[in-house]
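For the numbers below, each heavy atom of this structure counts, side chains included, while hydrogens, waters and symmetry mates do not. Since the structure is predicted, the reported quantities are computational estimates derived from the model, not experimental observations.
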Amino acid sequence: MDTVHYISSDVFSLELLEEIISQHKTLELSEEARINIEKCRTYLDNKMQSHGDPIYGINTGFGSLCNIKISNENLTKLQENLVKSHACGTGEEVPQEIVKIMLLLKIKSLSYGHSGVQLQTVERLIDFYNNDILPVVYTQGSLGASGDLAPLAHLSLPLIGEGEVYVDGFRQPAKKVLEKMGWNPIELQSKEGLALLNGTQFMSSYGSYILLKAMKFSYLADVIGAISLEGFDGRIEPFNELIHMVRPHKGQINTARRFNELLEDSEIIAQPKQHVQDPYSFRCIPQVHGASKDTIDYVKKVFKTEINSVTDNPNIFVGEDLIISGGNFHGQPLALALDFLGIALAELGSISERRTYQLISGLRELPAFLVSNPGLNSGFMIPQYTAASIVSQNKQLATPASIDSIVSSNGQEDHVSMGANAATKCLKIMENLERILAIELMNASQAIEFRRPLKSSEFLETFIKSFREEVPLVEEDRILHYDIEKSIAFLNSLQLDTEVLE
C-alpha cells in the first residue's frame, strides 16, 4: 500500500480524500507541481522588476484600500500585516480533522501554479500536515466571499511564527514549535499572504468532511429504516421496482433496490399483513431518502469541482503573460450547495423521528413505548421527545445562510455568500442526524424483539446482534442517556466499503 500521496494536477475526489486521511498518508509535491509553483513564482518576481503599475494584492493595499500602491521594500511587511490583521476569528475551534483537510486543500489549490507562492511556503504547509502540526482555527469570522479570510489567516499564522498550533494533543505557540523543529519562519514575498488568505478552503473542507459522513449515514438511514419497517410489521410492496421505474429518480430507485436487498429472505416481511397501507414515514422511504441521496450526489459534484480549483485572487497565467483580478474566492456555489445539503440531511432526520413515533405508539401489537409492563415503565417514551427536539433544531438550522448578505470593506465587498455559516451549521445538522438515527435504531431494534420468533433477513439480524453487544435490550427502565451515547458511538464506529455507499 502506498503511504505517500503526490500532489499533482490529477483529479482529486472525495473518495481519494478519505483514503488519504483514513490511511494516514503523508503528502509530497509531484515534480509537475514543483515546476508549476516555481515557474509562477519566477514569473511574478520578474514582473515585479519590470512592471511599475499597481497590481492588486501584489503591490497594493487590500479590499477598499486597493488603490494605495505599496513600495517594493515594504512588500514582505505588507503580506505579513495582511495575515496578522485578518486573524480575527472567534467562537469555537474548528475540529482538528477539518483543519487537517484545510491544509491539504490549500496545498492542492496552491500547487497548480496560478497563485505566485514560493515553493518553500507550500513545502512548509506540507510539513505541518505530515507532522500533525495543526493550527488553531476558529469557526466564526468568514463571510465566505473574499475567501475564508479569517479562518485562513489563522491557518497561515504559524508559517510566520505566529498564532497557535496543536501538536500531540497539546496547544502551544507556533513559534515554540518552529524552534523545536529547527524551522525558520517563512518570509512572505509579494502576493503570498493574499494567496494564503483568499480561497474557499474553510467552506470546502467542512463540506468535504460532511459529505463523507453524509454518504455513510444516508446508507445507515436505509438500514435503520429497514429495521423499523420490520419492527412495525410493514409492507414490502412500496419498494417494488415497478413503482419506481415509472418515476425514475435515481435516488428513489436505488433506495427501493437497497430495501429489497436488505429484506431478502426475511420471515417478518413475508408474513401476511392485516393492514393495507403503511404511514408515509414507511411507505415513502424511497421517495424521501432517495431525494436526499440525489441532493448528496449533486453536492458531491459541486465540491469535487471546488477541491480541484484555484480560488485565490488575483490569478496568474504565465503562458498568457496575464495577472487577472477576479472573484474565484466567492463562496456562492458552496453556500447554495451546503444549504441544500443541510436541508436534505434534516429531512432524513425528520422522517426518522416519525418512524420512531410510530413505533412507540402502541400500534400493530407493539406495547406502548416498546416496553413490557408500560405504566410502571416509561420505556421509550422520552427518547422520542429527544429526537423531536433535535429535529426541531435541525429545521431551524436548515434556514438557508446563502440568502443573506452584508456589505463589508467600505462597499468594495458588497455581496457575500455567508457560505462559512452554511458550513458550520450544516455540520451541526449532520451531527444531529447521527443522534436522531441512533435513537431510531434503539427503538427499531427493541420493536423487532416483539416479532419473535420470526426472524428478519440474515444481514439485518447480524447488524442487530452487533448493536446488542453495545446496547442491551431494555426490559425495564434505566438511564437511556447512556444507551443513546452508546448507539451514536456504535454508528460512528462502523466502517463501510465504498461500494455500498454508491
- Mind listing the closest non-hydrogen atom pair of Met203 and Phe303 along with its distance? O-CE2, 3.7 Å
- Considering all heavy atoms, the nearest Ser218-Ile296 contact: CB-CD1, 3.9 Å
- Item | His154 and Tyr138 aromatic ring geometry - parallel, tilted or perpendicular at 30°/60° bounds | perpendicular
- Minimum side-chain heavy-atom gap Leu82-Leu194 below 4.5 Å: yes
- Query: When the ring centroid of His5 is compared with that of Phe12, is the distance short of 6.0 Å?
  - Reply: yes
- Message: Quick check on the 6.0 Å ring-centre criterion: do Phe467 and Phe463 meet it?
- Response: no
- Tyr166 atom OH: more than 12 heavy-atom contacts under 6.0 Å: yes
- Message: Can a donor-acceptor pair be found, under 3.5 Å and without considering hydrogens, that links the side chain of Arg258 to the backbone of Val223?
- Response: no
- Message: Donor-acceptor pair, distance only, cut-off 3.5 Å: does the side chain of Ser115 make one with the backbone of Val117?
- Response: no
- Item | Pairwise side-chain contact, Asp404 with Asn421, heavy-atom cut-off 4.5 Å (strictly under) | no
- Task: Find out whether Gln384 and Ile439 are in side-chain contact, i.e. whether some heavy atom of one side chain is under 4.5 Å from a heavy atom of the other.
- Result: no
- Which heavy atom in Asn198 sits nearest to a heavy atom in Lys106, and how many Å separate them? O-NZ, 2.9 Å
- Message: Using modelled atom types and a 3.5 Å cut-off, is there a donor and acceptor pairing between side-chain atoms of Ser111 and backbone atoms of Ala33?
- Response: no
- Query: Are Asn36 and Val318 close enough that some pair of their side-chain heavy atoms sits under 4.5 Å apart?
  - Reply: no
- Item | Any donor-acceptor N/O pair, His86 side chain to Ala150 backbone, under 3.5 Å | no
- Query: Does a side-chain heavy-atom distance below 4.5 Å link Gln79 with Leu196?
  - Reply: no
- Message: Between Val167 and Asn131, does the side-chain contact (heavy atoms from CB on, under 4.5 Å) criterion hold? Intermediate values first, please.
- Response: CA-CA 8 Å; Val167 183; Asn131 290 279; over 6 Å; no
- Message: Would you compute the distance between atom CG of Asp132 and atom NE2 of His24 and round it to the nearest 0.5 angstrom?
- Response: 9.0 Å
- Query: Would you find more than 12 non-hydrogen atoms of other residues, nucleotides or ligands less than 6.0 Å from Lys213 atom NZ?
  - Reply: yes
- Hey, does the side chain of Thr139 reach the backbone of Glu92 with a donor-acceptor pair shorter than 3.5 angstrom? yes
- Query: Parallel, tilted or perpendicular: which describes the rings of His330 and His415, with under 30° parallel and over 60° perpendicular?
  - Reply: parallel
- Query: Would you say the side-chain atoms of Thr399 pair up with the backbone N or O of Gln396, donor to acceptor, closer than 3.5 Å?
  - Reply: yes
- Message: Listing request: all ring pair (Phe, Tyr, Trp, His ring centres under 6.0 Å) pairs with a residue in residues 208-230, at least two apart in sequence or in separate chains.
- Response: none
- Working to the nearest 0.5 Å, report the span between CZ of Phe259 and OG of Ser457. 11.0 Å
- Query: Would you call Lys216 and Glu18 a salt bridge, using N to O less than 4.0 angstrom?
  - Reply: no
- Query: Closest approach of Pro383 and Leu480, non-hydrogen atoms and distance?
  - Reply: CG-CD1, 3.6 Å
- Carefully, step by step, assess Ile224 and Leu491 under the rule side-chain contact (heavy atoms from CB on, under 4.5 Å). CA-CA 10 Å; Ile224 295 167; Leu491 293 178; 4.1 Å; yes
- Establish, from distance only, whether the side-chain atoms of Ser204 and Glu306 form a donor-acceptor pair under 3.5 Å. no
- Criterion side-chain contact (heavy atoms from CB on, under 4.5 Å) on Leu460 and Ile448, from CA distance to verdict: CA-CA 11 Å; Leu460 292 183; Ile448 210 168; 5.9 Å; no
- Message: If you count every heavy atom of other residues, nucleotides or ligands that lies below 6.0 Å from Glu485 atom CD, does the total exceed 12?
- Response: yes
- Message: Would the distance check show the side chain of Ser228 and the main-chain N or O of Ala444 forming a donor-acceptor pair, the cut-off being under 3.5 Å?
- Response: no
- Nearest-0.5 Å distance that lies between atom CG in Leu27 and atom CD1 in Ile107: 5.5 Å
- Item | Side-chain heavy atoms of Glu434 within contact of Met430, under 4.5 Å | yes
- Task: Using modelled atom types only, decide if a donor and an acceptor are shared between the side chain of Ser109 and the backbone of Leu105 within a distance under 3.5 Å.
- Result: no
- Donor-acceptor contact below 3.5 Å, side chain Asp294 vs main chain Gly251: yes
- Message: I'd like to know if Arg34 pairs up with Glu123 as an ion pair, taking the criterion as any Lys NZ or Arg NE/NH1/NH2 lying under 4.0 Å from an Asp or Glu carboxylate oxygen.
- Response: yes
- Straight-line distance of Ser281 OG to Glu440 CD, nearest 0.5 Å: 8.5 Å
- Tell me, yes or no, whether the heavy-atom count around Tyr280 atom OH, taken from other residues, nucleotides or ligands under 6.0 Å, exceeds 12. no
- Message: For Glu192 and Thr121: C-alpha separation, side-chain torsions, deciding distance, then whether side chain to side chain donor-acceptor pair (under 3.5 Å) applies.
- Response: CA-CA 9 Å; Glu192 284 202 280; Thr121 302; 2.6 Å; yes
- Pair Lys486 + Glu470: basic N to acidic O under 4.0 Å: no
- Note on the structure: Closest non-hydrogen atoms of Gly326 and Asn313, given as atom of the first, atom of the second and distance, are N-OD1, 2.6 Å
- How about Ser292 and His289: do any of their side-chain heavy atoms sit closer than 4.5 Å? no
- Find out whether Phe380 and Leu359 are in side-chain contact, i.e. whether some heavy atom of one side chain is under 4.5 Å from a heavy atom of the other. no
- Correct closest heavy-atom pair for Ser142 and Asp148 would be OG-OD1, 2.7 Å
- Message: Before you tell me yes or no, could you show the steps for Leu17 and Leu104 under side-chain contact (heavy atoms from CB on, under 4.5 Å), namely the whole-Å CA-CA distance, both residues' side-chain angles and the distance that decides it to 0.1 Å?
- Response: CA-CA 9 Å; Leu17 173 62; Leu104 171 54; 3.3 Å; yes
- Message: side chain to side chain donor-acceptor pair (under 3.5 Å) for Arg257 and Asn260? Distances and angles first, verdict last.
- Response: CA-CA 5 Å; Arg257 182 182 299 124; Asn260 281 292; over 6 Å; no
- Query: Is the side chain of Glu32 donor-acceptor paired with the backbone N or O of Ser9 at a distance under 3.5 Å, no angle test?
  - Reply: yes
- Message: Quick check for you: to the nearest 0.5 Å, what is the distance between Glu431 atom CD and Ile210 atom CD1?
- Response: 8.5 Å
- Item | Interatomic spacing from CD1 in Ile98 to OH in Tyr206 - rounded to 0.5 Å | 4.5 Å
